[in-house]
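Have a look at the structure below before the remarks.
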Amino acid sequence: MNIKENIDNLKKDLENYDAMLLAVTKTHGIDKIMEVYDYGLRDFGENKVQELIEKKEKMPDDINWHLIGHLQTNKVNKIVGEVCLIHSVDSLKILNKINNRAKSLSIVQDCLIQINVSKEESKSGFYVDEIDNLIKEASKLENIKIKGLMTMAPNTEDENLIRNCFRELKKIFDNLSNLSYNNLEMKYLSMGMTHDYNIALEEGANIIRVGSKIFGKRMYKNVR
């Protein structure tokens, strides 16, 4: 099966949903990414800042780049202003650093808040009971805009656990949509990857992050 067939199959799965297909380019080379670009996709996600910057420099300017991986504090200055959306804001410290960098560039950086719904120690993100305080603190920052939420489901074969995780985040998303803050706009709900995107779509995701279902297996020796 080739890349075009992969994308066509994904588009069929998306037919009944108003959702963005975000192509995750982690470890894949420019030639493969250009195949996807030439077939019409314009939203690409990268896990690592340096890899994203290197690829962005070699790719067309009309691509919407998303940072979906963990953002280290020492990489904030490199990525703010380079992406349309940072999916992985997982601490107030990071949010403040993003705001300060955006202020120095005279821009507003769009972000998603990563929520660790399942409370797994191996995952980053705010716990559900931290969200209210986070939103209050974030409302003081003028150079970021919270555009929604992101999560990763538990690493399990139990579809009920996965579904419950996504369902809980959708409820939080809907509740936050009723709040009125200048820098809060619940537009994006980023849930679901290659192995669980169908469940995520059923539970309300409007961004799915898909890599191997488009590109095939990761190519760790071919990142350029």
Side-chain angles (χ1 to χ4, degrees), residues 10-11 13-24 43 45 64 66-71 83-92 94-96 98-99 102 108-120 122-156 158-210:
L10 284 161
K11 286 183 175 179
D13 289 341
L14 286 164
E15 280 179 353
N16 296 322
Y17 302 96
D18 183 15
M20 175 197 302
L21 174 57
L22 180 58
V24 178
D43 287 277
N64 302 312
H66 300 240
L67 182 72
I68 62 173
H70 176 68
L71 177 57
V83 292
C84 67
L85 195 59
I86 298 172
H87 287 232
S88 48
V89 175
D90 59 9
S91 72
L92 274 171
I94 285 289
L95 199 61
N96 276 285
I98 292 171
N99 182 74
V108 174
Q109 177 66 61
D110 290 343
C111 303
L112 302 183
I113 301 300
Q114 182 173 347
I115 308 297
N116 187 349
V117 177
S118 56
K119 291 190 174 182
E120 292 176 273
S122 61
K123 287 186 172 66
S124 301
F126 293 91
Y127 290 159
V128 171
D129 58 7
E130 297 175 314
I131 295 174
D132 287 346
N133 181 63
L134 160 68
I135 296 301
K136 289 176 183 177
E137 292 299 316
S139 69
K140 303 171 186 176
L141 306 178
E142 297 181 351
N143 290 85
I144 57 101
K145 187 146 193 174
I146 297 174
K147 301 284 282 190
L149 307 175
M150 183 272 267
T151 199
M152 289 182 285
N155 185 18
T156 176
D158 188 334
E159 290 192 4
N160 285 327
L161 287 177
I162 295 170
R163 189 176 297 280
N164 288 338
C165 173
F166 292 151
R167 186 170 292 173
E168 183 171 356
L169 192 66
K170 179 61 163 63
K171 288 180 182 177
I172 295 166
F173 178 87
D174 290 341
N175 289 336
L176 291 178
S177 297
N178 295 321
L179 300 180
S180 179
Y181 290 106
N182 288 334
N183 63 346
L184 179 69
E185 178 190 2
M186 287 293 107
K187 183 175 181 179
Y188 298 119
L189 186 56
S190 177
M191 307 190 300
M193 299 185 287
T194 290
H195 60 286
D196 56 18
Y197 71 84
N198 280 304
I199 300 173
L201 288 169
E202 290 169 0
E203 297 302 330
N206 58 25
I207 299 179
I208 57 170
R209 311 180 302 272
V210 180

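Within a 6.0 Å radius of CG in N175, other residues, nucleotides and ligands contribute more than 12 heavy atoms. Environment of CG in D129: crowded, with over 12 heavy atoms of neighbouring residues, nucleotides or ligands closer than 6.0 Å. Shown here is E120, whose CD atom has more than 12 heavy atoms of other residues, nucleotides or ligands within 6.0 Å.
The side chain to side chain contact (heavy atoms under 4.5 Å, CB included) search around D158 returns T156, N160, L161, not counting sequence neighbours.
Of all the heavy atoms in C111 and I98, the pair that sits closest is SG-CG2, 4.0 Å. Nearest heavy atom pair, residue I115 against residue T151, reads O-OG1, 2.6 Å. Taking every heavy atom of both residues into account, A138 and I146 meet most closely at CB-CD1, 3.5 Å. In plain terms, the two heavy atoms of S118 and K123 that are nearest each other are OG-CD, 4.5 Å. Contact detail for V89 and F126: the closest heavy-atom pair is O-CE1, 3.7 Å. Minimum interatomic distance between A153 and C165 (heavy atoms only, all atoms of both residues): CA-SG, 4.0 Å.
Considering NZ of K140 and CG of L95, their distance stands at 12.0 Å, rounded to 0.5 Å. Distance check: H70 NE2 to S124 OG gives 5.0 Å after rounding to the nearest 0.5 Å. With rounding to the nearest 0.5 angstrom, the CG atom of N116 is 10.5 Å from the CE atom of M150. Note: D174 CG to K171 NZ = 10.0 Å, rounded to the nearest 0.5 Å. Taken from CG in L67 to CD1 in I86, the straight-line distance is 6.0 Å, to the nearest 0.5 Å.
Among L22, L14, N198, the one residue that satisfies the side-chain contact (heavy atoms from CB on, under 4.5 Å) test with I208 is L14.
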message: Go through it in stages, so that I can follow the logic: the residues are V210 and T194, the test is side-chain contact (heavy atoms from CB on, under 4.5 Å), and I'd like the CA-CA distance, side-chain angles, deciding distance and then a yes or no.
response: CA-CA 5 Å; V210 180; T194 290; 3.5 Å; yes
- prompt: Are S88 and Q114 close enough, and set up right, to give a side-chain contact (heavy atoms from CB on, under 4.5 Å), and what steps lead you there?
  reply: CA-CA 5 Å; S88 48; Q114 182 173 347; 3.6 Å; yes
- request: Apply side-chain contact (heavy atoms from CB on, under 4.5 Å) to H66 and V83, showing your working.
  value: CA-CA 5 Å; H66 300 240; V83 292; 5.9 Å; no
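Screening residues 191-207 for salt bridge (charged side-chain N to carboxylate O under 4.0 Å, His left out), with sequence neighbours left out, gives R163-E202, R163-E203, R167-E203.
By the 4.5 Å heavy-atom criterion applied to side chains, I131 and L149 are not counted as neighbours. Using a 4.5 Å heavy-atom threshold, the side chains of M193 and V24 count as separate. Using a 4.5 Å heavy-atom threshold, the side chains of M152 and R209 count as touching. Side-chain contact between I113 and E130: absent, with no pair of heavy atoms (C-beta onward) separated by less than 4.5 Å. Side-chain contact check for L169 versus F173: every heavy-atom pair is 4.5 Å or farther apart. Using a 4.5 Å cut-off on side-chain heavy atoms (C-beta onward), N183 and S139 make contact. When side chains are defined from C-beta on, I207 counts as touching L85, because their heavy atoms get closer than 4.5 Å. When side chains are defined from C-beta on, L112 counts as touching K147, because their heavy atoms get closer than 4.5 Å.
Although no hydrogens or angles enter the test, the distance criterion places no donor-acceptor pair under 3.5 Å between the side chain of N206 and the main chain of D18.
Here D132 does not pair with K136 in a salt bridge; the nearest charged N to carboxylate O distance is not below 4.0 Å.
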